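This report refers to the structure that appears directly beneath it.
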2 protein chains.
Amino acid sequence: MLESLKALGDLHRQNILRLLADREMGACEIIQAIGLSQPAIAHHLKILKQAGLISGEKEGKIVFYNLNKDGLKELLKQIDGFLNDLSCFSCSLPKPSPLRQNPNLCAEMGFDPDVCAKMTEEETCSKRKRR
Amino acid sequence: MLESLKALGDLHRQNILRLLADREMGACEIIQAIGLSQPAIAHHLKILKQAGLISGEKEGKIVFYNLNKDGLKELLKQIDGFLNDLSCFSCSLPKPSPLRQNPNLCAEMGFDPDVCAKMTEEETCSKRKRR
DNA sequence: ATATGATATATCTAATAATTTAAATATTTA
DNA sequence: TAAATATTTAAATTATTAGATATATCATAT
């Protein structure tokens with residue numbers, strides 16, 4: 001998901017996706033439409049492809065690019081899971097920090113290593129135990 | 001949305017959000033939990049705050065950070081709109097490129113400026129006319 | 001009250017790392 | 001051989017980071 005979010009976090013790449021939302025396009029068309037150099041477009045297309053957001057099929061000289069709808073759907077599911085999981089949108093007031101009780105001891109406080117030690121790219125909060 | 005996606009596209013910032021999913025935290029707690037320098041954390045917190053994903057309220061010496069659930073909800077809505085809009089998840093086979101008919105003329109092809117000329121950060125495909 | 005010192009956070013600055021880009025080159029296909 | 005795309009390389013830009021410094025708050029001593 002991190003890779004896909006990085007792929008989405010660039011305006012040119014968003015615009016490539018917007019172009020492909022209308023129809024498939026050959027790379028040369030995308031180059032003209034976006035107005036960057038051919039290698040720059042090739043680079044962005046590679047990033048989008050590696051993120052699973054588009055597909056490219058070579059047909060003769062031309063590589064036709066399309067949205068990967070399954071990839072987009074999967075990404076949306078992941079983001080939805082991540083964000084929902086984070087904010088648990090409906091539930092519960094935020095728990096107060098122990099610093100509220102103990103405002104002088106920030107430097108001395110320890111941390112539950114479970115909370116953060118092994119957080120990885122794809123892990124979401126629901127996989128951690130809540131207290 | 002671009003700004004928020006960039007904010008999400010960093011593992012440390014994702015982990016800060018994961019931490020805050022459990023409870024509010026003082027900045028000093030976040031520093032210890034993530035293990036970066038104080039200025040680096042301050043920088044990431046600023047980016048997350050500017051993206052509307054967290055809030056910080058100062059209470060004495062300590063700034064307590066919380067998830068901004070409304071911001072997260074709003075972002076999810078935008079991403080959902082963007083991705084759904086792109087792939088129009090249920091509908092229609094992809095339209096073929098005109099290059100399918102005309103495979104020799106990539107360099108000479110013109111482009112409908114409506115399709116791409118004024119694409120901006122927040123514009124989604126549904127706002128463009130479809131053909 | 002006022003000064004002093006300690007703590008928490010933010011900002012500034014500079015170094016490093018990563019990303020983006022275009023020119024040059026390579027590869028594939030007609 | 002020419003056209004379309006990918007890869008390599010190098011330059012420019014941007015992002016990330018830590019050290020130094022600045023600001024604000026609180027506790028304590030005068």
Side-chain angles (χ1 to χ4, degrees), chain A residues 2-16 20 24-51 54-66 97-109, chain B residues 2-16 20 24-51 54-66 97-109:
Chain A
L2 187 59
E3 188 186 11
S4 304
L5 286 170
K6 286 184 181 177
L8 283 185
D10 178 278
L11 186 54
H12 291 312
R13 290 194 287 266
Q14 286 189 3
N15 284 338
I16 291 173
L20 296 179
E24 72 167 2
M25 292 179 87
C28 57
E29 298 182 275
I30 298 172
I31 292 162
Q32 293 185 28
I34 298 288
L36 289 177
S37 69
Q38 181 267 323
I41 296 296
H43 173 242
H44 288 305
L45 290 171
K46 190 177 185 179
I47 286 175
L48 288 168
K49 196 171 174 186
Q50 285 175 339
I54 65 174
S55 63
E57 51 153 342
K58 191 163 192 175
E59 184 96 7
K61 278 183 293 191
I62 299 171
V63 178
F64 289 101
Y65 283 95
N66 271 285
S97 163
L99 286 178
R100 298 268 184 194
Q101 309 288 340
N102 218 1
N104 280 340
L105 296 181
C106 192
E108 303 172 20
M109 292 192 57
Chain B
L2 187 59
E3 188 185 11
S4 304
L5 287 170
K6 285 183 183 178
L8 283 185
D10 178 277
L11 185 54
H12 290 313
R13 290 194 287 267
Q14 286 190 2
N15 284 339
I16 290 173
L20 296 179
E24 70 167 3
M25 292 179 88
C28 58
E29 296 183 276
I30 299 172
I31 293 161
Q32 293 186 26
I34 299 290
L36 290 177
S37 68
Q38 181 267 322
I41 296 296
H43 174 243
H44 288 305
L45 290 171
K46 190 176 184 181
I47 287 175
L48 288 168
K49 197 172 174 185
Q50 285 174 340
I54 65 174
S55 63
E57 51 154 342
K58 190 163 190 175
E59 184 97 6
K61 282 182 290 189
I62 299 170
V63 178
F64 290 101
Y65 284 94
N66 270 286
S97 164
L99 287 177
R100 297 266 184 195
Q101 309 288 339
N102 218 3
N104 279 342
L105 296 180
C106 190
E108 302 171 23
M109 292 191 57

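A, B, ... follow the sequence lines: proteins, then strands. Residue 1 opens every chain. Here the structure is a predicted model, which is why all the values come from computation and not from measurement.
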### Task
Round to a whole Å and report the spacing from CG of L48(B) to P of dT9(C).
16 Å
### Protein proximity profile, nucleotides 24-30 of chain C - base contact B, sugar-phosphate-only contact S, no contact -, cut-off 4.0 Å on heavy atoms
B---SBS
#### Entry: Distance in angstrom units between K46(B) NZ and dA15(D) P, rounded
13 Å
### Query
To the nearest angstrom, how far is L8(B) atom CG from dA15(D) atom C1'?
16 Å
### Query
If you look at every strand shown and take non-hydrogen atoms under 4.0 Å, does L36(A) touch a base, only sugar-phosphate, or nothing?
sugar-phosphate
### Message
Starting the side chain at C-beta, find the nucleotide from dT11(C), dT21(C), dA8(C) nearest to I62(B).
### Response
dA8(C)
### Task
For E57(B) and K49(B), run salt bridge (charged side-chain N to carboxylate O under 4.0 Å, His left out): C-alpha distance rounded to whole Å, both residues' side-chain angles, the deciding distance at 0.1 Å, then the answer.
CA-CA 11 Å; E57(B) 51 154 342; K49(B) 197 172 174 185; over 6 Å; no
### Message
Based on the rotation axes of five pairs at each end, what angle does the helix from dA1(C)-dT30(D) to dA30(C)-dT1(D) bend through, to 10°?
### Response
20°
### Message
Is the shortest side-chain heavy-atom distance between D10(B) and Q14(B) below 4.5 Å?
### Response
no
### side chain to side chain contact (heavy atoms under 4.5 Å, CB included) involving A27(A) - partner list, sequence neighbours excluded
L45(A), Y65(A)
### Task
Applying side chain to side chain contact (heavy atoms under 4.5 Å, CB included), run through C28(A) and V63(A) and close with a yes or a no.
CA-CA 9 Å; C28(A) 57; V63(A) 178; over 6 Å; no
### Task
Verify, without hydrogens or angle tests, whether R13(B) (side chain) and A7(B) (backbone) share a donor-acceptor contact under 3.5 angstrom.
yes
### Contact under 4.0 Å: H44(B) side-chain N or O vs dA15(D) OP1/OP2
no
### Under-4.0 Å side-chain N/O to phosphate OP1/OP2 contact, H43(B) with dC12(C)
no
#### Entry: Under 3.5 Å: donor-acceptor pair, side chain of E24(A), backbone of S97(B)
yes
### Query
Just wondering, do L8(B) and L8(A) contact through their side chains at under 4.5 Å, heavy atoms?
no
### Query
Nearest-Å distance, CD1 (I41(A)) to C1' (dA22(C))?
12 Å
#### Entry: Pairwise distance CD1(I41(B)) to CD1(I31(B)) - rounded to 0.5 angstrom
6.5 Å
### Query
So which one's nearest nucleotide on DNA chain C is more toward 5', H12(A) or F64(B)?
F64(B)
### Summary
Testing dT11(C), dT9(C), dT20(C) for proximity to the side chain of Y65(B), the answer is dT9(C)
### Task
Test I54(A) against L20(A) for side chain to side chain contact (heavy atoms under 4.5 Å, CB included), laying out the working first.
CA-CA 9 Å; I54(A) 65 174; L20(A) 296 179; 3.8 Å; yes
### Query
Counting only N and O atoms by type, is there a donor-acceptor contact under 3.5 Å from the side chain of E29(B) to the main-chain atoms of G26(B)?
yes
### Query
In whole angstroms, how far is the P atom of dA3(D) from the CD1 atom of I31(A)?
14 Å
### Message
If I take atom NZ in residue K6(B) and atom P in nucleotide dT19(C), what distance separates them, rounded to the nearest angstrom?
### Response
13 Å
### Integer-rounded Å distance: dT21(C) P and L11(A) CG
10 Å
#### Entry: Atom-pair distance (CG on L45(B); P on dT11(C)), nearest Å
11 Å
### Query
A27(A) near the nucleic acid: base, sugar-phosphate alone, or nothing, with a heavy-atom cut-off under 4.0 Å?
sugar-phosphate
